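Heads up: the structure comes next, in structure tokens.
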Amino acid sequence: MNALPAPAPAAGAGMDKRFDPASYEGKWQAWWDEQDLYHCPADPEGEGPAPYCILIPPPNVTGKLHMGHALQSTLQDLVTRWRRMRGDNALWLPGTDHAGIATQLMVERHLEERGSSRLELGREKFVERVWEWKREYRANIRGQLQRLGASCDWSRERFTLDDGLARAVRTAFVSLHREGLIYRGEHMVNWSPVLRTAVSDLEVESREVEGTLYRLAYPLEREGEEEEGGAADGGEELVVATTRPETMLGDTAVAYHPDDERYRRLAGRFARLPILGRRLRLVADEHVDPEFGTGLVKVTPFHDPNDYEIGRRHDLPGVRAIGLDGRMTAEAGPDFEGLDRFEARRRVVERLEAEGRLVGSERHVHSVGHSQRSGEPVEPMLSPQWFADVSGMAKEALAAVEDGRIELIPSSWNKTWEHWLANIRPWVISRQLWWGHRIPAWYDPDGGCHVAMNREQAERLAGTAELTRDPDVLDTWFSSGLWPISTLGWPDEEAADLRTWYPTDVLITGSDIIFFWVARMVMLSQHFRGEVPFRTVHLTGLVRDADGEKMSKTKGNTLDPLELVEEYGADAIRFTLAVLDVPGRNIPVDLERMAGYRAFGNKIWNAVRFALARTEGAIVPASAEELLGGDLAAPERWILSRLEATAAAVDGALEEFRFDRACNSLYRFFWHELCDWYIEFAKPALSGRAARPRTAETLLFAIDSSLRLLHPAMPHLTEELWQRLPRAEAGESGEPAPRSISLADYPLGDGGLAAPDVERGMDAVVAAVQAARSLRRERNLPAAAGMSLFVEDGEAEIVAFVVEQAPLLAAVAGVGKVAAGRGPDEAVRDRSGGLNLAFEVEAPAMSEAEKARLAKDLRKIEAEIAGARGRLSNPGFLEKAPPHVVEGNRARLAELEERRAAMIETLGNP
RNA sequence: AGGCCCGUAGCUCAGUUGGUUAGAGCGCUACGUUGACAUCGUAGAGGUCAGCGGUUCGAGUCCGCUCGGGCCUACCA
């Protein structure tokens with residue numbers, strides 16, 4: 001191996017006092033890339049380390065990474081780095097999505113700005129143009145991910161329109177078609193007049209709209225009146241209610257509920273459509289709500305999904321009154337032809353009013369489906385499209401979550417999952433766009449349709465070369481739905497990657513695309529592989545601003561991850577996002593908090609700087625055993641025990657994808673145990689004032705382990721610092737250290753370092769230190785003022801432990817003397833850490849403020865004593881509460897009484 | 001209309017199967033700088049856990065209702 005040397009300075013070199021992430025983040029990103037550290041070998045026979053795989057939710061190729069991507073990428077990278085350090089063959093497979101509508105719109109807009117258009121270029125040239133854009137933007141996404149420290153295997157980068165993926169798409173299409181699950185038909189679909197394409201139900205979002213409910217009077221034909229076009233004036237009128245009067249031009253019937261007594265007599269009769277004079281059948285249909293409006297519904301089979309169903313049930317004709325461009329057709333009559341549908345609405349109302357057919361109108365709030373991409377109301381439209389019947393696959397997907405083969409995190413999504421899949425409807429998979437996977441279907445001159453992998457096959461099937469290819473492309477989500485199998489090599493069942501990594505392990509994505517994407521992947525992957533595509537789905541919340549508001553460009557509260565990288569460093573962003581990821585909650589990104597985690601980086605930087613400067617000559621011990629062999633004193637055993645507990649907590653939290661807990665444990669340990677206490681305890685030992693065995697090695701060991709624990713969350717900082725740690729020369733003892741911290745072992749918390757007794761003792765020492773400091777502060781004693789501590793009572797072992805650790809108390813609390821036994825009467829007494837403490841101080845008398853505080857504490861303690869006594873004298877509690885709880889209460893009561901006695905004694909002193 | 005989630009310190013949020021004293025970060029107050037870090041340290045203040053009722057020896061935690069906020073799905077022409 002001729003690895004490039006790590007770009008960091010040699011161990012022991014002086015560190016800049018200034019903590020500046022920009023000075024090293026880019027350097028390490030480049031080095032990781034050069035070293036090709038994250039390339040994963042396929043291992044189809046399963047001979048090497050356990051496989052682990054995460055597939056990136058492919059960002060839109062023309063997009064720019066936003067905070068949601070930053071969040072998800074951070075978590076994916078965190079898991080990948082963690083599994084890699086645990087020894088797995090951990091693959092994070094990157095890629096991008098061609099994003100049909102979004103990308104096409106973007107390029108069209110661009111052309112428009114240049115006075116050109118898609119139609120002017122023509123299909124072929126336009127698609128070529130989009131490919132150019134794609135090439136330009138793909139590099140952007142990659143660069144942005146790298147700036148966040150992503151450890152993807154870039155050699156496996158995929159794009160949803162790659163040859164391999166295109167083959168997967170065609171194979172899936174042909175196969176589903178052969179199974180009868182994909183079919184072409186003319187059905188009611190959501191049509192976007194702006195995009196001029198059909199969109200699926202999921203691409204329609206309903207918005208509350210304040211509209212008008214118009215009441216229209218349709219003349220009823222006289223009974224027995226048979227001939228078409230007969231007059232109907234002077235007779236009865238039927239009043240129907242509608243929010244879309246323009247659709248009346250496409251009416252072919254009026255419906256009422258079959259049980260509606262008011263209208264049953266109308267069976268078999270006809271009404272006359274105002275303006276156009278069309279004859280309308282009267283039909284009885286269950287769908288009509290007799291309570292709403294007049295209980296009569298105008299029926300427009302071609303422009304309303306419910307009316308379409310009514311039309312089918314009653315074999316009604318349909319009239320296409322609105323065209324694909326959202327304008328009225330010739331069928332709508334010469335007065336309206338060519339008008340935009342909303343203009344037509346105004347004109348129709350005017351006209352009806354003039355004809356006396358408008359009998360009322362009222363404001364009416366209702367929800368209207370809008371095209372998610374283009375924003376305008378969708379037009380329900382009868383249109384020939386390709387559909388996928390996914391009901392069978394949906395059942396399987398439902399079962400996978402129900403029986404636990406797939407775990408959704410948080411599980412509160414289970415019900416939503418179930419509800420959607422149980423009520424799934426056919427999926428419109430064709431789009432009238434140019435950018436995407438073209439549907440592999442060809443038509444012969446007789447209109448016969450031939451679905452095949454390619455033109456040659458289709459020609460063979462058709463027996464003619466005179467074929468025209470279907471112009472439509474597939475819904476983008478059809479190809480993303482195949483992502484778990486297509487990226488790994490399917491349809492080649494023997495593909496090495498597929499055999500190595502399928503099924504993948506965890507999917508980390510936003511909950512907003514659970515149906516668009518997650519459900520489709522589960523359905524399609526299970527269908528073609530007979531196995532779930534991933535075992536766990538970690539659904540993240542939405543990234544919000546610090547006030548919990550949704551980020552949006554119009555509100556101007558968006559954050560750009562790359563700008564944040566410049567200001568705070570990638571590691572601070574990663575840590576912030578990871579610590580805020582609590583299952584089931586949104587992620588309120590607070591920049592002050594991010595600044596706090598940048599400060600955490602500074603803390604780590606300086607702790608290492610301190611350690612390197614003060615442990616000259618020492619090296620990181622090769623193992624915990626070696627270190628323990630050195631007859632360590634209490635502070636060393638304590639910090640190692642705490643390190644062990646932290647490692648176990650972090651690893652456990654990561655197993656459950658509780659990134660917040662993992663990060664909080666690390667933060668607390670590094671800052672509040674290692675820095676606040678251990679380093680302070682180590683100072684006198686390192687300076688030789690109170691030497692202890694192997695303090696330097698212990699500190700280096702704790703730092704080395706901490707950096708490894710922190711690495712998945714903060715890869716740059718930890719690499720930078722870890723490379724500086726002094727180690728044995730290669731060959732001197734055991735294996736050489738890996739090239740990069742990202743290849744080092746992850747501490748698991750099973751190193752035999754736990755020392756519960758030492759922890760109990762140290763807890764008492766810490767409590768005594770805090771009591772001393774508190775007293776000093778309370779009485780305004782200068783740091784230099786002498787202070788002695790008498791440990792008057794407590795568990796014998798703990799008392800002895802604290803007395804033995806007198807040098808620590810001296811070093812961090814200025815306590816000159818620590819002894820067991822009764823202190824002077826005038827000492828200040830406290831009960832802390834299970835010990836009765838008496839501090840002898842040369843102090844002015846207690847201040848009024850201190851007296852007041854003590855009195856307040858005393859009241860609180862007395863209330864608590866009363867509570868504990870109450871519980872302990874309650875027979876129900878004694879009988880039913882578990883013994884350890886009762887015991888805990890007894891101990892607590894005793895403790896409180898000791899504490900109260902100490903306080904009363906202190907209050908009694910002058 | 002149905003389903004889901006949330007309401008805890010000034011702010012943003014933790015709080016594992018109900019169990020003794022409800023935590024963190026930021027902010028706030030006071031004090032502190034002869035070399036790890038002022039991107040710091042020490043000591044503090046601050047909460048009737050939205051409200052009401054219930055289950056229980058015991059409820060922030062479980063159940064019901066009310067109020068407030070958010071999300072998802074479906075839909076009323």
Side-chain angles (χ1 to χ4, degrees), chain A residues 15 17-19 201-202 206 213 240-244 247 255 287-289 291-293 296-300 304-307 364 366-367 369 410 412-416 418-420 423 511-512 514-515 541-542 544 546-548 550 579-580 582 584-586 588-593 595-614 656 658 660-661 664 667-668 672 675-676 679-680 683 770 773-778 780 782-783 812-813 853 860-861 864 867-868 871 874-882 884-893 895-896:
Chain A
M15 281 172 67
K17 179 174 173 179
R18 212 169 76 91
F19 164 63
D201 295 342
L202 284 174
S206 60
L213 185 65
V240 299
T242 181
T243 53
R244 299 198 57 197
T247 61
H287 170 259
V288 181
D289 176 5
E291 304 293 315
F292 189 89
L296 286 173
V297 182
K298 61 188 266 317
V299 182
T300 320
D304 181 279
N306 291 310
D307 292 5
H364 181 66
H366 61 138
S367 46
S412 51
W413 283 102
N414 287 7
K415 279 203 172 176
T416 311
E418 189 187 313
H419 181 258
W420 191 74
N423 296 292
S511 51
D512 51 334
I514 184 168
F515 302 131
L542 255 54
R544 303 296 187 102
D547 302 320
K550 210 169 186 166
V579 86
L580 290 175
V582 177
R585 289 195 82 118
N586 289 325
V589 175
D590 182 351
L591 293 182
E592 285 184 4
R593 192 151 179 186
Y597 291 120
R598 186 182 195 275
F600 181 44
N602 175 67
K603 190 76 182 174
I604 297 168
W605 178 269
N606 278 291
V608 174
R609 195 162 73 91
F610 168 82
L612 291 179
R614 301 283 288 275
E656 295 175 350
R658 286 304 302 259
D660 58 324
R661 288 185 185 162
N664 276 320
Y667 183 93
R668 193 183 336 248
H672 298 302
C675 291
D676 287 354
I679 286 185
E680 294 309 315
K683 280 176 182 173
Q770 283 171 333
R773 284 172 177 165
S774 184
L775 181 63
R776 215 177 266 286
R777 183 87 260 224
E778 200 77 66
N780 226 351
V812 305
R853 191 177 67 78
K860 224 172 119 184
I861 284 164
E864 235 186 279
R871 272 190 294 278
N874 179 344
F877 176 72
L878 295 174
E879 262 172 52
K880 295 185 183 173
H884 74 273
V885 173
V886 176
E887 221 15 76
N889 269 271
R890 288 220 175 87
R892 175 70 188 156
L893 179 59
E895 174 71 25
L896 287 167

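All values derive from a computational prediction rather than experimental measurement. Residue numbering restarts at 1 for every chain, and letters A, B, ... go by the order of the sequence lines.
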Look at the side-chain N and O atoms of [X] and state whether any lies under 4.0 Å from the OP1 or OP2 oxygen of [N].
{"X": "A:Arg661", "N": "B:rG15", "result": "yes"}
{"X": "A:Lys860", "N": "B:rU21", "result": "no"}
{"X": "A:Lys683", "N": "B:rA36", "result": "yes"}
{"X": "A:Arg776", "N": "B:rU42", "result": "no"}
{"X": "A:His366", "N": "B:rA1", "result": "no"}
{"X": "A:Arg544", "N": "B:rC11", "result": "no"}
{"X": "A:Lys17", "N": "B:rG35", "result": "no"}

Would you indicate which nucleotide in [options] comes nearest to any side-chain atom of [X]?
{"X": "A:Asn306", "options": "B:rU20, B:rC75, B:rG19", "value": "B:rC75"}
{"X": "A:Pro882", "options": "B:rC71, B:rG19, B:rU20", "value": "B:rG19"}
{"X": "A:Thr416", "options": "B:rC40, B:rU42, B:rC72", "value": "B:rC72"}
{"X": "A:Ser412", "options": "B:rC4, B:rA30, B:rA36", "value": "B:rC4"}
{"X": "A:Arg598", "options": "B:rC4, B:rU39, B:rA36", "value": "B:rU39"}
{"X": "A:Asn606", "options": "B:rA36, B:rU73, B:rG44", "value": "B:rA36"}

Touch class at under 4.0 angstrom, heavy-atom based, for [X] against every strand present:
{"X": "A:His884", "value": "nothing"}
{"X": "A:Ala868", "value": "nothing"}
{"X": "A:Gly584", "value": "sugar-phosphate"}
{"X": "A:Asn874", "value": "sugar-phosphate"}
{"X": "A:Asp676", "value": "sugar-phosphate"}

RNA chain B: 5'-proximal contact among A:Arg853 and A:Arg593 (nearest heavy atom):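 Per heavy-atom nearest nucleotide, the more 5' residue is A:Arg593.
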Most 5' of A:Arg658 and A:Arg773 on RNA chain B, judged by nearest nucleotide: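 Final value for this comparison: A:Arg658.
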Within the structure provided, determine whether [X] and [Y] are in side-chain contact (heavy-atom separation under 4.5 Å).
{"X": "A:Val582", "Y": "A:Arg658", "value": "yes"}
{"X": "A:Lys683", "Y": "A:Phe610", "value": "yes"}
{"X": "A:Asn606", "Y": "A:Met15", "value": "no"}

Does [X] get its side chain close enough to the base of [N], under 3.5 Å, for a donor-acceptor pair?
{"X": "A:Arg892", "N": "B:rU21", "result": "yes"}
{"X": "A:Ser206", "N": "B:rC75", "result": "yes"}
{"X": "A:Lys415", "N": "B:rC4", "result": "no"}
{"X": "A:Ser367", "N": "B:rC75", "result": "yes"}

What's the gap between [N] and [M] when it is taken at their [atom1] atoms, as a whole Å value?
{"N": "B:rC4", "M": "B:rC40", "atom1": "P", "result": "44 Å"}
{"N": "B:rC49", "M": "B:rC37", "atom1": "P", "result": "44 Å"}
{"N": "B:rA59", "M": "B:rG51", "atom1": "P", "result": "15 Å"}
{"N": "B:rG64", "M": "B:rU20", "atom1": "C1'", "result": "28 Å"}
{"N": "B:rG60", "M": "B:rG18", "atom1": "C1'", "result": "10 Å"}
{"N": "B:rC72", "M": "B:rC26", "atom1": "C1'", "result": "33 Å"}
{"N": "B:rA9", "M": "B:rA22", "atom1": "P", "result": "14 Å"}

Ion pair check, A:Glu887 and A:Arg890, cut-off under 4.0 Å: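 A salt bridge is present here (some side-chain N lies under 4.0 Å from a carboxylate O).
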Electrostatic pair A:Glu895-A:Arg892, nearest N-O below 4.0 angstrom: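 Answer for the salt bridge query: no.
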Check against side chain to side chain contact (heavy atoms under 4.5 Å, CB included), A:Arg593 and A:Leu580: CA-CA 10 Å; A:Arg593 192 151 179 186; A:Leu580 290 175; 3.5 Å; yes
From CA spacing to verdict: side chain to side chain contact (heavy atoms under 4.5 Å, CB included), A:Ile514, A:Trp420: CA-CA 10 Å; A:Ile514 184 168; A:Trp420 191 74; over 6 Å; no
Between B:rU39 (P) and A:Glu592 (CD): distance, integer Å: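 In whole Å, B:rU39 P lies 15 Å from A:Glu592 CD.
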Interatomic distance, A:Tyr597 OH vs B:rC40 P [rounded to whole Å]: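 Spelled out: OH on A:Tyr597 to P on B:rC40 is 13 Å.
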Aromatic A:Tyr667 / basic A:Lys603 pairing, under 6.0 angstrom, 45° off normal: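 Output no; distance or angle outside limits.
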Intra- and interstrand pairs of RNA chain B - dot-bracket, Watson-Crick/G-U under 3.5 Å, | marks other strand: (((((((..((((.....[...)))).(((((.......))))).....(((((..]....))))))))))))....
Gap separating the CZ atom of A:Arg853 from the CD atom of A:Glu778, nearest 0.5 angstrom: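 Answer rounded to 0.5 Å: 4.0 Å.
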